[in-house]
Protein chains: 2
Amino acid sequence: MATRTAAEHRAEARRAYDAYLAGCPARQLLDRLSDKWVTLVLNALADGPRRYAGLSRKVAGVSQKMLTQTLRTLERDGLVSRTVTPSVPVRVDYALTPLGESLLPVVAAVKEWADGHIEEVEAARAAYDG
Amino acid sequence: MATRTAAEHRAEARRAYDAYLAGCPARQLLDRLSDKWVTLVLNALADGPRRYAGLSRKVAGVSQKMLTQTLRTLERDGLVSRTVTPSVPVRVDYALTPLGESLLPVVAAVKEWADGHIEEVEAARAAYDG
DNA sequence: CCGTATCCAAAAGGATACTG
DNA sequence: CAGTATCCTTTTGGATACGG
């Protein structure tokens, strides 16, 4: 039996990790949800459908590229619906799907926690830095 | 009064956005929480304190660099405590602080949602791609 | 109005080597 | 055991220009 090098050990560990990821889609989904634009866009759709320009205003500072990219991903994942009205100019409405609605309370809770505990966090930072 | 160029408009909008961010620390905190390693490490500490190596095993695939960086940030933000026992070799324990405990249900809910809805998301993706 | 396409700078993050 | 330091690749994401 051949001696195994450290590099071979590492390569094997990495394959095992990749396999685990492939076999655990929930981990990948968790990574997806851990995106700031996802959280912000879902929260922006909390109180009803919005048009593209409306979202762009609500989620201040988001670039066209990131907004479109995030919306496409959310649509593909079944969290957001996209409705095109073929007027001139075209009108596009985004809304939470039932699946997206089921996620909303969760991401809203994250936002609320941030709102409610920012002062404690800042105090901790000041203590740590000082 | 001078005519304002498009570039100047953009620059002003960007300053306004930056100012808003500076005045809204909750937004920055939300961005922090929207980090996959943060979610994973906090969940890894859910059932009690863990040592560095233990966390490294639990959060499979995390590099030393990212684990240390995440732990330092969480410690600075007051979410995780770091306890050094000066034995030989040294022993370091990480645990959730009360503040971290208050956040745990929220991030645990995100994880649970991912676990419970991954099949629906994958079905949506298949429908979107097909 | 609602995007897409491209380029490019900045940041994230893994690999590796080394230390108390 | 629990890191730190460095290099270097990959990814992210903003700016800009253009199209249906």
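Order of the sequence lines fixes the chain letters, A, B, ..., with proteins taken first and strands second; residue numbering starts at 1 for each chain.
- Going from atom CD of A:Gln64 over to atom P of D:dA15 covers 11 Å, rounded to whole Å.
- Look at B:Tyr94 and you won't find any side-chain N or O under 4.0 angstrom from OP1 or OP2 of D:dC1.
- Atom CG of B:Leu71 is separated from atom C1' of D:dT4 by 14 Å (rounded to the nearest Å).
- Of the residues near DNA chain D, A:Val90 and B:Ala53, the one whose nearest nucleotide (by heavy atom distance) lies more toward the 5' end is B:Ala53.
- Phosphate contact (OP1/OP2 of C:dC1, side-chain N/O of A:Arg51, threshold under 4.0 Å): absent.
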Which protein N or O atoms sit under 3.5 Å from an N or O of nucleotides 10-13 of chain D?
from	atom 1	to	atom 2	distance (Å)
D:dG13	N7	A:Lys65	NZ	2.8

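- Every residue two or more places apart in sequence or in another chain that forms a side-chain hydrogen bond (donor to acceptor under 3.5 Å, both in side chains) with B:Arg82 is listed here: B:Tyr94.
- For the pair A:Arg82 and C:dC2, the criterion of a side-chain N or O lying under 4.0 Å from OP1 or OP2 is not met.
- DNA chain C contains the following stems of three or more consecutive Watson-Crick or G-U pairs, with both distances under 3.5 Å: C:3-20 with D:1-18.
- Taking atom CG on A:Leu67 and atom P on D:dG14, their separation rounds to 11 Å, with Å as the unit.
- Note: CG (B:Asp93) to C1' (D:dC1) measures 12 Å, nearest angstrom.
- Rounded to whole Å, atom P of C:dA11 lies 14 Å from atom CG of B:Asp31.
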